[in-house]
Number of protein chains: 2
Amino acid sequence: MALSPPSPTSFSSQPRPDPRNPPGPRANRADLFNVVRERIARHDYRPGAKLLENDLAREFKVSRAQVREAFGALESRGLILRVPNRGAEVARLDISQMFEIYDVREVLEGLCTRLAVQNTKPAFWQPLVTLFGKPMERSVKNGDFEDYIEKLQLLQRRTSEAANNRVLTDMLASIHDKTRELMRRIIILPGRANDGLQQHRAVLSAMRKGDALLAEKLKRENIRSSREFLVRYQKFIL
Amino acid sequence: MALSPPSPTSFSSQPRPDPRNPPGPRANRADLFNVVRERIARHDYRPGAKLLENDLAREFKVSRAQVREAFGALESRGLILRVPNRGAEVARLDISQMFEIYDVREVLEGLCTRLAVQNTKPAFWQPLVTLFGKPMERSVKNGDFEDYIEKLQLLQRRTSEAANNRVLTDMLASIHDKTRELMRRIIILPGRANDGLQQHRAVLSAMRKGDALLAEKLKRENIRSSREFLVRYQKFIL
DNA sequence: GTCGGCAATTTTGTTGACAATATCGTTGAC
DNA sequence: GTCAACGATATTGTCAACAAAATTGCCGAC
């Protein structure tokens, strides 16, 4: 009987490895998958861009067979679109899909926040409360969006970890892959960064008080607010 | 510039093709993926069972390369587990994962129900209200679980279609793949089928009235109730 | 100049062979 | 009888070559 193996290199998105450009030595399956995914998420590969098997095989010093295998995973994740005999291209996400994702994201992020609060002591969130205080306010005032985004991702990571739900984390990761670039464009919208900061502070305040249900409610409002900006400015973003 | 292609054979789980045993002629990529997925979902392949590349290649009359490609997709969906040089086996889902899934499922099914109501006229649900009336009561009384499950799936399908959210439908499909067998075991638990029927009736009643928020609330209660049965009887189910 | 068709090139699809690794069974020492 | 070492077998990992299809560039008719 096969015992549950130590699972050295899970393909899952869970432990995202360093997604820098491929090192000298050849990459393995998970590397290839994660690097291409990261590139799609950060729009290094633009939507609609063709992905050539040969190019990737050469770059990663692997055979085309491995590239194709990674394509299978990327396709099932909805990151690329494959047409027989015509190859693979980065999935284009139209605006209606974006709104679909927002509906799902709202309930999942809300759930994630609630679980995170339920699984931790309130004091756990104090460092993040502090981080989202004065220093973050300066970043917003100065228009330092990189810093803002970085700290936002930290909050998301901490929350996801605390939620301690692998299925949920995976789904959120999948959603974030598709929305990363859009988020960057929304954050620079006039007033969005400040609105967002206030909302995140409210969420964190509820988390700091251990009020899971309130935190969930506020988190969902935060997502809906972001969505409203997309509605209002969609002409400029796309 | 590449135009959006007609997308003849999307890999996505959306339009689930007939997943019967492979026909005489060779299968294509999507067939292989969907058939294996279906077999895992219905426990034709039991958790922990080894999947041999050669066997599948022979059965479907395709090359091993294609099997490996499908494995890439199955792995990224969490349906199989691969260990380098040791092959692929059907993912084992332990009880804690099941509870993780329940948390996610609760909010997603709730969302799905709400969207479905918002997108339809109340009268749309009348046939299902009728279906879940007397005839279904007989099925429960007679212990005809196959019929019960069949009608439940019809309700889920209609709801998912009406929700009209591809991202959501895909995630729910992915969850259902992992929980199908468990649902079957829960439904036969003493009192569960009847409890479930009453709950579904309540949900449908709210849908029939066009009360989206109430329907969502009741649907979530329905999932939580199912979860309670798992808590209470988990020793018997696993 | 535009259009259609033809050939050259590129790209994907498929296969089979070979290497690397793990698994299983056997043998033999103790 | 137990255990370790070893060899045989089975399975996965890798690759390169070939076939099939699509794309591109070119040429000539009009």
Side-chain angles (χ1 to χ4, degrees), chain A residues 1-11 22-36 45-46 48-76 79-91, chain B residues 1-11 22-36 45-46 48-76 79-91:
Chain A
M1 189 88 251
L3 292 177
S4 192
S7 177
T9 315
S10 172
F11 214 144
R26 44 188 314 150
N28 64 24
R29 224 166 43 214
D31 287 345
L32 180 54
F33 172 82
N34 281 310
V35 171
V36 174
Y45 295 149
R46 306 271 278 288
K50 280 212 67 167
L51 296 180
L52 298 188
E53 297 176 357
N54 267 320
D55 291 356
L56 286 170
R58 260 195 303 275
E59 182 187 354
F60 289 90
K61 305 212 179 69
V62 297
S63 70
R64 278 178 53 220
Q66 290 181 73
V67 175
R68 296 185 122 253
E69 200 177 320
F71 277 9
L74 292 165
E75 178 179 33
S76 90
L79 289 174
I80 67 174
L81 182 71
R82 297 176 86 182
V83 181
N85 288 316
R86 294 189 56 187
E89 63 176 48
V90 178
Chain B
M1 191 86 254
L3 292 177
S4 191
S7 176
T9 315
S10 171
F11 214 144
R26 47 185 313 149
N28 64 23
R29 224 164 45 213
D31 287 345
L32 180 54
F33 173 83
N34 281 310
V35 172
V36 174
Y45 295 150
R46 306 272 279 287
K50 280 212 68 166
L51 297 181
L52 298 188
E53 297 177 358
N54 266 320
D55 291 356
L56 286 170
R58 259 194 304 274
E59 182 186 355
F60 289 91
K61 305 211 179 72
V62 297
S63 68
R64 275 179 55 218
Q66 289 182 75
V67 175
R68 297 186 121 252
E69 202 177 316
F71 278 9
L74 292 165
E75 179 179 33
S76 89
L79 288 174
I80 67 174
L81 180 71
R82 298 177 86 182
V83 181
N85 288 316
R86 294 189 54 188
E89 63 176 48
V90 178

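In what follows, chains are A, B, ... by sequence order, proteins preceding strands, each numbered from 1. All values below come from the heavy atoms of this structure, side chains included, with hydrogens, waters and symmetry mates left out.
- Between the OG atom in Ser76(B) and the CD atom in Glu69(A) there is a gap of 11.0 Å [rounded to 0.5 Å].
- Listed by chain and residue number, Arg58(B) satisfy the side-chain hydrogen bond (donor to acceptor under 3.5 Å, both in side chains) test with Asp55(B) (two or more places apart in sequence, or in another chain).
- Between Asp31(B) and Phe60(B), every side-chain heavy-atom pair lies at or beyond the 4.5 Å cut-off.
- Comparing Ala88(B) and Ala65(A), the nucleotide of DNA chain D nearest to each residue sits closer to the 5' end for Ala88(B).
- dT12(D) atom P lies 16 Å from atom CD of Gln66(A), rounded to whole Å.
- Whole-Å rounding puts the Glu53(B) CD to dT12(D) C1' distance at 6 Å.
- One finds the CG atom of Leu56(B) at 12.0 Å from the CD atom of Gln66(B) (value rounded to the nearest 0.5 Å).
- As a whole-Å value, the separation of Glu69(B) CD from dT15(C) P is 13 Å.
- Remark: Ala57(A) engages Arg64(A), Val67(A) in a side chain to side chain contact (heavy atoms under 4.5 Å, CB included) (not counting sequence neighbours).
- Rounded to an integer number of Å, the gap from CG of Leu52(A) to P of dA22(D) is 16 Å.
- A distance of 13.0 Å separates OH in Tyr45(B) from CG in Leu79(B), rounded to the nearest 0.5 Å.
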N/O-N/O pairs, protein side and nucleotides 17-23 of chain C side, under 3.5 Å:
residue : atom : partner  : partner atom : Å
dT23(C) : OP1  : Arg86(B) : NE           : 2.8
dT23(C) : OP1  : Arg86(B) : NH2          : 3.3

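- The listed nucleotides are dT14(D), dT12(C), dT12(D); the one nearest the side chain of Ser63(A) is dT14(D).
- Atoms CZ (Arg58(A)) and P (dC15(D)) sit 14 Å apart, rounded to a whole Å.
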